[in-house]
Amino acid sequence: MRHITRRDFLKLFSGGAVATAATLASCRQEDKAGYQAANEYKNQVEPPVGKMTCRTNPNGGDKVSLLGYGMMRLPTKADNENEFDQDMINRQVDYALEHGLNYFDTSPVYCQGLSERCTGIALSRHPRNSYYVATKLSNFNHDYWTFEKSVEMYRNSMKELKVDYIDYYLLHAVGGGMDEFNGRYVDNGILDFLMKEREAGRIRNLGFSFHGQKSVFDEMMTRHDKYHWDFVQIELNYLDWDFADEISDRNVDASYLYSELEKKHIPVVVMEPLLGGRLTNLPQYLMTELKQKAPERSVASWAFRYAGTPKGVLTVLSGMTYMEHLKDNLLTYCPLEPLTPEEQEYLHQDIANKIVGLENIPCNDCKYCMPCPYGIDIPAIFVHYNKCKNEGMLPVDTGDKDYMSNRRKYLISLDRAVPRDRQPDHCIQCGQCQPHCPQSIRIPRELAKIDKFIENLKVSPRGIPQGK
């Protein structure tokens, strides 16, 4: 089986539902997953060895580390952000294993199609029984719905990962509709094939990751008796627990997903514990509030403790680009101090309610919407807008004494964050991006609103800006 080349990769994700998920891991050196500023880590202590909290998978008895390594934001070289730093990847994987982290999650589409290869190089230097590897059938493009192409992707994953069996194999991003699910996995016979691979031991656990419609999730649960899902990966964090459907009409509250899985005793793998970084890139007053409540903890640790507290959670994935992120998360889980009921209520009522009240554009910077055919940097535009709004620097009130200052700051910082030829005025409202957004953001509409807002700031400084 040959490696998937860069040309194959671009062809594979040139179109189709969720095709642009290839770019969900552009893996640039800037960590847009969203952690606090580096000064939070300047007094960071070393995490202890031998203290990792583990959970037992009831399907086979695996002792899985509660912290899992998401290999979708790998470090790149300082002098070339387009080249992944394999030496640093090796160092971070070694450090993770040394501290008890043993679950590594990747996909054929992460990091421009190179994540599995980088992960395989790093892990193959260690005994095979010292780690669990998870990867996915990411056959988003309609051309890859055929049995032959899907099998090719599956077998290529084994080659890239340098393994002869996969511990945790997922049907990637289920939830867009049952017609899509049946087309990708059922009608072509690939799911029957994967179940036979599980029987043969080449797949040890078979599950799916979920993004999307409640009706699809419910149908997947009714098929549990037929397929026996060994685990399911869901988005779980203290904002999505009760507010996912308020943030987006396509999302499902994590409280519902978790409870349904718990009823069927299906282990949960958590993704997006930081909601794409939004739970660390909080308004300054909320960050200050969390730091005052627990000065010794990072803001991120609140979200990771929350995600790891439910007993049905097998592991919590984190994309850790830098060693500081890895160490901070290891400190949280070596060992985990579960949240108390009072702390959970605090996050729900005091923090989550306030975040929802901000009415930001619910962008997670996942980059599913990219690449834009017209070069627009959609996530960067939304991230910049939300940042200014959260920091109280959005120039919307001309009567505000800081209006002129904020207007100038907004326009200058926008040009620094997003090159001018990638700003919202270049959007032609083609709508190609919108179907790929897991948060169901009406992307063309939001870009048009921001464009109008910017134009009003430029043309009429003292006029009334028309923003969100």
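Keep in mind the model is a prediction, meaning the values are calculated, not measured.
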Could you check whether any side-chain N or O of S138 sits under 3.5 Å from a backbone N or O of V109, counting only pairs where one atom can act as donor and the other as acceptor? no
Would you call K196 and E199 a salt bridge, taking side-chain N to carboxylate O under 4.0 Å as the test? no
Please check: side-chain N/O of R305 versus main-chain N/O of W302, any donor-acceptor pairing under 3.5 Å? no
Evaluation steps, side-chain contact (heavy atoms from CB on, under 4.5 Å), between R184 and L137: CA-CA 10 Å; R184 288 175 64 188; L137 182 55; over 6 Å; no
Pairing residues for R223 by the side-chain contact (heavy atoms from CB on, under 4.5 Å) criterion, not counting sequence neighbours: M178, F181, N182, V186, E219, Y227
Would you find a donor on one side and an acceptor on the other, under 3.5 Å apart, between the side chain of Y258 and the backbone of W241? no
Regarding Q92 and Y69, is there a side-chain donor-to-acceptor distance under 3.5 Å anywhere? yes
Tell me, with the steps shown, if I381 and R422 meet side-chain contact (heavy atoms from CB on, under 4.5 Å). CA-CA 9 Å; I381 293 165; R422 306 194 70 186; over 6 Å; no
Does M153 reach the side chain of Y144, with side-chain heavy atoms less than 4.5 Å apart? yes
Atom CZ in F304, atom CG in L274: separation rounded to 0.5 Å? 4.0 Å
Backbone N or O of G176 within a donor-acceptor pair of the Q213 side chain at under 3.5 Å? yes
Is there side-chain contact between M320 and L330, with heavy atoms separated by less than 4.5 Å? no
Test S115 against T106 for side-chain hydrogen bond (donor to acceptor under 3.5 Å, both in side chains), laying out the working first. CA-CA 6 Å; S115 176; T106 181; 2.7 Å; yes
Are R198 and Y169 packed together at the side-chain level, in the sense that at least one heavy-atom pair is separated by less than 4.5 angstrom? no
Start with the C-alpha gap between D167 and R128, add the side-chain angles, then the distance that decides, and say whether salt bridge (charged side-chain N to carboxylate O under 4.0 Å, His left out) holds. CA-CA 11 Å; D167 299 286; R128 181 63 182 92; 2.8 Å; yes
Can you name the residues that form a ring-ring contact (aromatic ring centres under 6.0 Å, His included) with Y256, not counting sequence neighbours? none
Do T309 and Q344 have side-chain N/O donor and acceptor atoms under 3.5 Å apart? no
Per the side chain to side chain donor-acceptor pair (under 3.5 Å) rule, what does the pair list look like for residues 59-68, sequence neighbours excluded? T56-K63, D62-Y168, D62-R204, S65-N102
Partner set under side-chain hydrogen bond (donor to acceptor under 3.5 Å, both in side chains) for H228, not counting sequence neighbours: D230
Of the non-hydrogen atoms in T315 and G68, which two are nearest, and what is the gap between them? OG1-N, 3.2 Å
Who pairs with T288 by side-chain hydrogen bond (donor to acceptor under 3.5 Å, both in side chains), at least two apart in sequence or on another chain? Q284
So do the side chains of C437 and I443 get within less than 4.5 Å of each other, counting heavy atoms only? yes
Using only atom types and a distance under 3.5 Å, with no angle test, would you say the side chain of Q44 pairs donor to acceptor with the backbone of E324? yes
Side chain H224, main chain W229, donor-acceptor under 3.5 Å: yes
What do you reckon, are the aromatic ring centroids of Y333 and H99 less than 6.0 Å apart? no
Residues in side-chain hydrogen bond (donor to acceptor under 3.5 Å, both in side chains) contact with S150, at least two apart in sequence or another chain: N139
Salt bridge (Lys or Arg N to Asp or Glu O under 4.0 Å) filter on E98, not counting sequence neighbours, yields none
Say you draw a straight line from NZ of K136 to CG of L171; how long is it, rounded to the nearest 0.5 Å? 11.5 Å
Does N281 reach the side chain of V383, with side-chain heavy atoms less than 4.5 Å apart? no
In chain order, what residues pass the side-chain hydrogen bond (donor to acceptor under 3.5 Å, both in side chains) check against E262, with sequence neighbours excluded? none
Evaluate the side-chain proximity of Y103 to V269: yes if any heavy-atom separation is below 4.5 Å, no if none is. yes
For E83, check salt bridge (Lys or Arg N to Asp or Glu O under 4.0 Å) against everything at least two apart and list the hits. K77
Just by distance, do the side chain of E235 and the backbone of A254 share a donor-acceptor pair under 3.5 Å? no
Going by the angle between their ring planes, with limits at 30° and 60°, are Y306 and H348 parallel, tilted or perpendicular? perpendicular
Check the pair V216 / E180 against side-chain contact (heavy atoms from CB on, under 4.5 Å), numbers first and verdict last. CA-CA 10 Å; V216 175; E180 179 185 322; over 6 Å; no
Whether the side chain of T321 engages the backbone of R73 through a donor-acceptor N/O pair (distance < 3.5 Å, no angle test) should be reported. yes
Set of residues satisfying ring-ring contact (aromatic ring centres under 6.0 Å, His included) with respect to H126, sequence neighbours excluded: none
Is L331 close to V45 at the side-chain level, that is, under 4.5 Å between some pair of heavy atoms? yes
Atom CG in L161, atom CD in E116: separation rounded to 0.5 Å? 4.5 Å
I'd like to know whether L261 forms a side-chain contact (heavy atoms from CB on, under 4.5 Å) with F231, so could you lay out the CA-CA distance, the side-chain angles of the two residues, the decisive distance to 0.1 Å, and finally the verdict. CA-CA 9 Å; L261 293 169; F231 69 109; over 6 Å; no
With sequence neighbours excluded, tell me which residues meet side-chain contact (heavy atoms from CB on, under 4.5 Å) with D164. none
In short, D328 meets A300 closest at the heavy-atom pair OD2-CB, 4.1 Å
Looking at every non-hydrogen atom in both residues, tell me the closest pair between A307 and V313 and how far apart they are. O-CG2, 3.5 Å
Can E343 and Y238 be counted as having a side-chain donor-acceptor contact under 3.5 angstrom? no
Flag, side chain of R91 to backbone of M323, donor-acceptor distance under 3.5 Å: no
Which heavy atom in C118 sits nearest to a heavy atom in L74, and how many Å separate them? CB-CD1, 3.8 Å
For K162, enumerate each residue passing the salt bridge (Lys or Arg N to Asp or Glu O under 4.0 Å) test, keeping only those at least two apart in sequence or located in another chain. none
Taking the side chain from K291 and the backbone from R297, do they hold a donor-acceptor pair closer than 3.5 Å? yes
Separation between CD1 (I89) and CD1 (I121), nearest 0.5 Å, reads 8.0 Å
E337 CD to S301 OG distance, which is reported to the nearest 0.5 Å: 9.5 Å
Rounded to the nearest 0.5 Å, how far does CG of N329 lie from CG of L67? 5.5 Å
Does N353 reach the side chain of F243, with side-chain heavy atoms less than 4.5 Å apart? yes
Minimal heavy-atom distance between V299 and T280, with the atoms involved, is CG1-CA, 4.0 Å
